[in-house]
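The structure under discussion appears below in the form of structure tokens.
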2 protein chains.
Amino acid sequence: MDYSQMELYLKAVGDHNRMLILKYLMKEALCICEFTELLDMTQPAISQHMRKLKAAELVMEEKRGRWTIWSLNTRHPQYPILLHLLSLLPEPERTIESLAAEGKRVICE
Amino acid sequence: MDYSQMELYLKAVGDHNRMLILKYLMKEALCICEFTELLDMTQPAISQHMRKLKAAELVMEEKRGRWTIWSLNTRHPQYPILLHLLSLLPEPERTIESLAAEGKRVICE
DNA sequence: TTATTATATAAGCAAATACTTATCGATAGC
DNA sequence: GCTATCGATAAGTATTTGCTTATATAATAA
């Protein structure tokens with residue numbers, strides 16, 4: 001891995017909101033609309049974060065109908081390091097379940 | 001480690017020039033004036049990078065006369081991860097030895 | 001077809017970042 | 001004391017970043 005790739009990689013991970021996104025993706029694949037609820041951000045903001053994560057090859061996207069399902073790229077050479085770094089972070093307070101309790105569950109299919 | 005600390009940590013490491021600085025520090029403790037030659041940067045630029053690295057507790061400084069000797073903080077809880085990340089990067093082309101060959105060795109004492 | 005939904009993209013903006021030059025403080029040597 | 005050197009800090013600047021709102025694209029539903 002050269003210095004530019006490493007910089008891309010560390011900058012992709014090194015953002016509060018993207019760490020949250022990656023934390024959520026450790027548990028399950030999710031679509032953009034679910035992230036907008038989980039992070040309380042606009043849809044374009046989430047899309048742009050996913051673009052950054054994808055540029056660093058940290059995530060994969062799968063188009064399913066209208067939805068784009070995002071998941072961690074487990075084949076990334078540094079995937080084990082990513083898991084380790086994420087394991088150092090606390091679980092996000094908001095979850096899909098807690099959103100469901102508020103009646104905000106996004107069904108996505 | 002909370003999200004803010006992790007962000008500070010990853011942003012400190014996630015810069016091309018700071019990765020070079022850390023790479024050099026893996027081999028030996030160095031002073032600011034040596035880095036200015038190794039990275040071909042101005043002295044204030046190096047000082048500012050060291051300040052960022054220190055804020056993330058990645059490096060330690062020791063005042064010795066006029067010089068400040070910088071070294072890796074081997075006591076940092078995530079020091080092993082840092083070493084692993086740095087090990088993925090190629091050795092810098094310029095070295096203290098190659099500078100010596102150009103007659104640019106900074107003696108520092 | 002037309003409307004709705006999920007996402008991507010474009011353009012604009014404020015804040016952060018990585019430099020620069022200029023200057024200040026502290027130490028060492030004369 | 002005076003001067004030179006190492007380093008920190010301040011101020012200025014161009015670029016990057018992370019958002020915003022507005023709009024475009026594509027798939028589903030009516």
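In the text below, chain A, chain B and the rest are named by the order of the sequence lines, each starting its count at 1. Note that the coordinates shown come from a computational prediction; the quantities given were computed from them, not determined experimentally.
Distance check, rounded to the nearest 0.5 Å: CD1 of A:I46 to CD of A:Q43 gives 9.0 Å.
Across the protein-nucleic acid pair, A:H16 atom NE2 and C:dA16 atom P stand 15 Å apart, rounded to whole Å. Protein atom CZ of A:R64 is 16 Å distant from nucleotide atom C1' of D:dT28, rounded to whole Å. For A:H49 and D:dT20, the NE2 to P distance is 9 Å, given to the nearest whole Å. Separating the CD atom of B:E7 from the P atom of D:dT17 is a distance of 13 Å, rounded to the nearest angstrom. For B:K52 and D:dA8, the NZ to P distance is 16 Å, given to the nearest whole Å. A:W67 has its CH2 atom 8 Å from the P atom of C:dT7, to the nearest Å. In this structure, B:E62 atom CD and D:dG7 atom C1' are separated by 15 Å, rounded to whole Å. Rounding to whole angstrom units, CD1 of residue B:I46 and P of D:dT9 are separated by 16 Å.
Counting heavy-atom neighbours within 6.0 Å of A:K23 NZ, excluding the residue itself, gives a total above 12.
For A:Q48, whose side chain is taken as the heavy atoms from C-beta onward, the closest listed nucleotide among D:dC19, D:dG18, C:dC19 is D:dC19. Closest to the side chain of B:A45, from the set C:dC19, D:dC19, C:dA8, is C:dC19. In this structure, the nucleotide among C:dT7, D:dG18, D:dA8 sitting nearest to the side chain of A:C31 is C:dT7. Looking at the side chain of B:R66, the nearest of the listed nucleotides C:dA28, C:dA6, D:dG18 is C:dA28. Closest to the A:W70 side chain, of the nucleotides C:dA8, D:dC19, C:dA18, is C:dA8. Across D:dA8, C:dT9, C:dT17, the shortest atom-to-atom separation from the side chain of A:P44 is found for C:dT9. Minimum atom distance to the side chain of B:T42 is reached by C:dT20, of the listed C:dT7, C:dT20, D:dC6.
For the OP1/OP2 pair of C:dT7 and a distance below 4.0 Å, the side-chain nitrogens and oxygens of A:S47 include no atom meeting the criterion. Contact between the side-chain N/O atoms of A:R18 and the OP1/OP2 oxygens of D:dG18 is found at a separation under 4.0 Å. A close approach under 4.0 Å does occur between a side-chain nitrogen or oxygen of B:R51 and OP1 or OP2 of D:dT9. Neither OP1 nor OP2 of C:dA26 sits under 4.0 Å from any side-chain N or O of B:K63.
Residue side chain A:Q43 does not reach the base of C:dA6 through any donor-acceptor N/O pair under 3.5 Å, judged by distance alone.
Taking the six-membered ring for Trp and the full ring otherwise, B:H49 and B:F35 have centroids separated by 6.0 Å or more.
Side chain of A:Y24 to main chain of A:I96: no donor-acceptor pair is present (N/O by atom type, distance under 3.5 Å, no hydrogens or angles). Remark: the backbone N or O of A:E57 is paired with a side-chain donor or acceptor of A:N73 at under 3.5 angstrom.
Between A:E91 and A:K27, at least one side-chain nitrogen of the basic residue sits less than 4.0 Å from a carboxylate oxygen of the acidic one, meeting the salt-bridge criterion.
No contact: B:K54 has no heavy atom under 4.0 Å from any strand.
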